[in-house]
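Worksheet for the structure shown next.
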Amino acid sequence: LSLQKNRVYQFESIFFKYLRLFLRAETKKEQRKLLKEFHEELVPLRENSFENLIFGDIDLIGWIDRKLENHTL
């Protein structure tokens, strides 16, 4: 039980990595590129039963898809 409590989810690591990168991005083009990369890293997590719990609460992949389709950043 204590091992699970201290475990860092891949989702958390990926999310905070891209949050830092996105905040430092200087152009919309760079932000868009980062969103695409973020999306590519998130999609495989849906297949991981330990990681996919977050996707039931937050449709982050769908939100990114809509942002990329509508060109709104």
Side-chain angles (χ1 to χ4, degrees):
L1 188 65
S2 63
L3 290 176
Q4 285 183 338
K5 188 176 181 180
N6 292 326
R7 179 174 177 180
V8 175
Y9 289 91
Q10 284 180 292
F11 175 84
E12 290 173 343
S13 297
I14 293 168
F15 179 82
F16 287 115
K17 175 178 94 173
Y18 280 98
L19 180 60
R20 280 191 305 275
L21 292 170
F22 194 81
L23 291 173
R24 293 179 186 155
E26 295 182 7
T27 65
K28 296 289 184 187
K29 184 177 180 179
E30 189 177 353
Q31 290 175 345
R32 187 170 178 74
K33 179 181 177 281
L34 288 169
L35 270 183
K36 287 179 184 179
E37 292 171 7
F38 184 35
H39 183 276
E40 289 174 11
E41 285 198 50
L42 287 180
V43 169
L45 295 182
R46 289 190 299 194
E47 304 302 319
N48 181 322
S49 61
F50 186 72
E51 295 286 341
N52 73 3
L53 297 174
I54 189 72
F55 298 110
D57 295 329
I58 302 170
D59 184 19
L60 188 56
I61 293 173
W63 179 83
I64 293 170
D65 286 338
R66 288 187 296 280
K67 287 291 185 186
L68 292 173
E69 287 174 9
N70 297 329
H71 304 284
T72 57
L73 293 177

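Values in this document were obtained by computation on a predicted structure and should not be read as measured data.
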**Asked** If you round to the nearest 0.5 Å, how far is CG of L23 from CD of Q31?
**Response** 9.0 Å
**Fill in**
The reported gap from CG in L42 to CG in L35 (rounded to nearest 0.5 angstrom) is 10.0 Å
Distance-only criterion, 3.5 Å: show the donor-acceptor pairs between side-chain atoms of residues 14-22 and protein atoms not counting sequence neighbours.
{"residue": "K17", "atom": "NZ", "partner": "E41", "partner atom": "OE2", "Å": "2.9"}
{"residue": "Y18", "atom": "OH", "partner": "E41", "partner atom": "OE2", "Å": "2.7"}
{"residue": "R20", "atom": "NH1", "partner": "F16", "partner atom": "O", "Å": "3.4"}

**Item:** Atom pair CG/CD1 of D59 and I64 - distance to nearest 0.5 Å
**Value:** 9.5 Å
**Request:** Taking the side chain as every heavy atom from C-beta outward, state whether Y9 and L45 have any atom pair closer than 4.5 Å.
**Result:** no
**Prompt:** Do F38 and L60 come close enough that some side-chain heavy atom pair is under 4.5 Å?
**Reply:** yes
**Asked** Would you find a donor on one side and an acceptor on the other, under 3.5 Å apart, between the side chain of R66 and the backbone of G62?
**Response** yes
**Prompt:** Do W63 and I61 sit in the same hydrophobic cluster, where Ile, Leu, Val, Met, Phe, Trp and Tyr count as joined when their side-chain heavy atoms come under 4.5 Å apart?
**Reply:** yes
**Item:** K36 side chain near H39 side chain, heavy-atom distance below 4.5 Å
**Value:** no
**Request:** List in chain and number order the residues that pass salt bridge (Lys or Arg N to Asp or Glu O under 4.0 Å) with K33, two or more places apart in sequence or in another chain; answer none if no residue qualifies.
**Result:** E37
**Asked** Mind checking what makes salt bridge (Lys or Arg N to Asp or Glu O under 4.0 Å) contact with D65, not counting sequence neighbours?
**Response** none
**Complete:** The side-chain contact (heavy atoms from CB on, under 4.5 Å) partners of T27 (sequence neighbours excluded) come to K29, E30
**Message:** L68 vs R32, test: side chain to side chain contact (heavy atoms under 4.5 Å, CB included). Steps then yes/no.
**Reply:** CA-CA 7 Å; L68 292 173; R32 187 170 178 74; 3.6 Å; yes
